[in-house]
There are 2 protein chains.
Amino acid sequence: MAEPAATTDVPAAGSKSQQAYDAVKQRIVDGAYPPGHRLVLAAIAQDLGVSVVPVREAIRRLEAEGLVTFQRNVGATVAGIDPTEYLYTMQTLSLVEGAATALSAPLISATDLERARAVNDAMRACLQDFDPVRFTRLNQDFHAILFEHCPNPHILDLVHRGWNRLASLRSSTFRFVPERARESVEEHAHLLALIAGGADADAVERAARRHRSATLDAYLTHFSTTEAISDASPDHG
Amino acid sequence: MAEPAATTDVPAAGSKSQQAYDAVKQRIVDGAYPPGHRLVLAAIAQDLGVSVVPVREAIRRLEAEGLVTFQRNVGATVAGIDPTEYLYTMQTLSLVEGAATALSAPLISATDLERARAVNDAMRACLQDFDPVRFTRLNQDFHAILFEHCPNPHILDLVHRGWNRLASLRSSTFRFVPERARESVEEHAHLLALIAGGADADAVERAARRHRSATLDAYLTHFSTTEAISDASPDHG
DNA sequence: GAGTACAAAATCGTATACGAAGAGTAGGCA
DNA sequence: TGCCTACTCTTCGTATACGATTTTGTACTC
């Protein structure tokens, strides 16, 4: 329901609604439509060669996912993430991702673990000559391996939505708090050891959750925004 | 985004889309549209005195919330909850409700606690001459008091969505496993004691989560569906 | 008698058109 | 010169209309 194109069975191009949804979503996560960008129905419709009706539906779907904000009789804009939203999103993500990882853990194969290790090694290598965007991408790859086997599709969907929200800021906390990157790699190793060792679900969940919470904390203390959150903005503040 | 009419600031009647959304959602949770009921756009539109376009939008929103299922070129039906869905929903709800309750705990006032106690007393009284529907309603009231102060609106929204999903089966697990009702009341008392005593967030979260998980477990063992889940259906199996 | 092919009805998907609400701008008045 | 007001322009909201697709009923054949 949230994945744009899995293999071939998705009638993505079948419905113009879906087409519009995919296209707009793509442009948002790609950064072609930056946060705050106004989404004018007629313009998008013409651009995609369809009528406004499917576009309108697409926008409403994106609104439900939190990727755009909507105001009646005014229009939609790409939902930039202000610091408060970032806090809420990261908090929610720590919750659902922790659970998804724990539920996935028993289903993760040896080859998956190997892949995850490889990705983490790449992240470690990425530490010198640090590139936040690349690091963030690898970070997502790493975690995706760990939670994608989650048997509960609802929880998995929530994880995807959280990641999508964060995708609008192209580089994550690591851009502002590069020190956090090194810790992150170590925590990944620890998490892998837990899973490989067959640790119980609770331990995995706690580790995964704390891992993300720690990133959030690093962000918060960096901007010393424990009280005046609305001052610091990751991208445009 | 999920609450139909808070006080006065919601332009519920302002937009026909919103009007349709509220109306259809109401009928679904009320049971006027039972699970499996076909939602025909033209019929609903005529019934509400609007065109099909706003109705269509409303349906799509309800789809995003999981209250209706949609099939291209076929139509929408009220999303009955099959046992697998029930499992997923309860599991997700235990996760997000546990977190919401924990985050709310420090913000719960003495009067709130008193209200919650009163509701739980009513549930206890309801145990003799057991009425599952009434008990379920009180149960929701009880938990709503505990999680409504959750400062993270995303998590709070997820809790609401979970409850809405479950609302389509008018009476919950308690209908099939009345023994669980008594335990539930006791666990409520325990949870209140934890919150009143200022227990740390982790303890509250665990208690709240286990409380719901226990209800799910009661359901699962009752139908002895630990493996063959798809056999037992709560309402229409 | 059962299965298949065709046709008709029902329903959805999208386009176009028009009315309504908000935002920006220019002009007038204090 | 500054502020208020009226007007226009953009953009959204909804209705109506038509084409596309699926389902279902029926007749025909094996």
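We name chains A, B, ... by the order of the sequence lines, and we start the count at 1 in each one.
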* Structure fact -> So the salt bridge (charged side-chain N to carboxylate O under 4.0 Å, His left out) pairs with at least one residue in residues 89-107 of chain A (sequence neighbours excluded) are A:Glu97-A:Arg212

* Cationic N near anionic O, under 4.0 Å, B:Asp141 to B:Arg137 -> no

* Pairs flagged by side chain to side chain donor-acceptor pair (under 3.5 Å) wherever residues 37-48 of chain A is involved - sequence neighbours left out -> A:Arg27-A:Asp47

* Salt-bridge criterion met for A:Glu63 and B:Arg61 (N-O under 4.0 Å) -> no

* **Check: B:Thr136 main-chain N/O paired with B:Asn139 side-chain donor or acceptor under 3.5 Å** => no

* To do: Between protein and nucleotides 9-19 of chain D, map the contacts as a letter string: B base, S sugar-phosphate only, - none, heavy atoms under 4.0 Å, written 5' to 3'.
  => --SSSBBB---

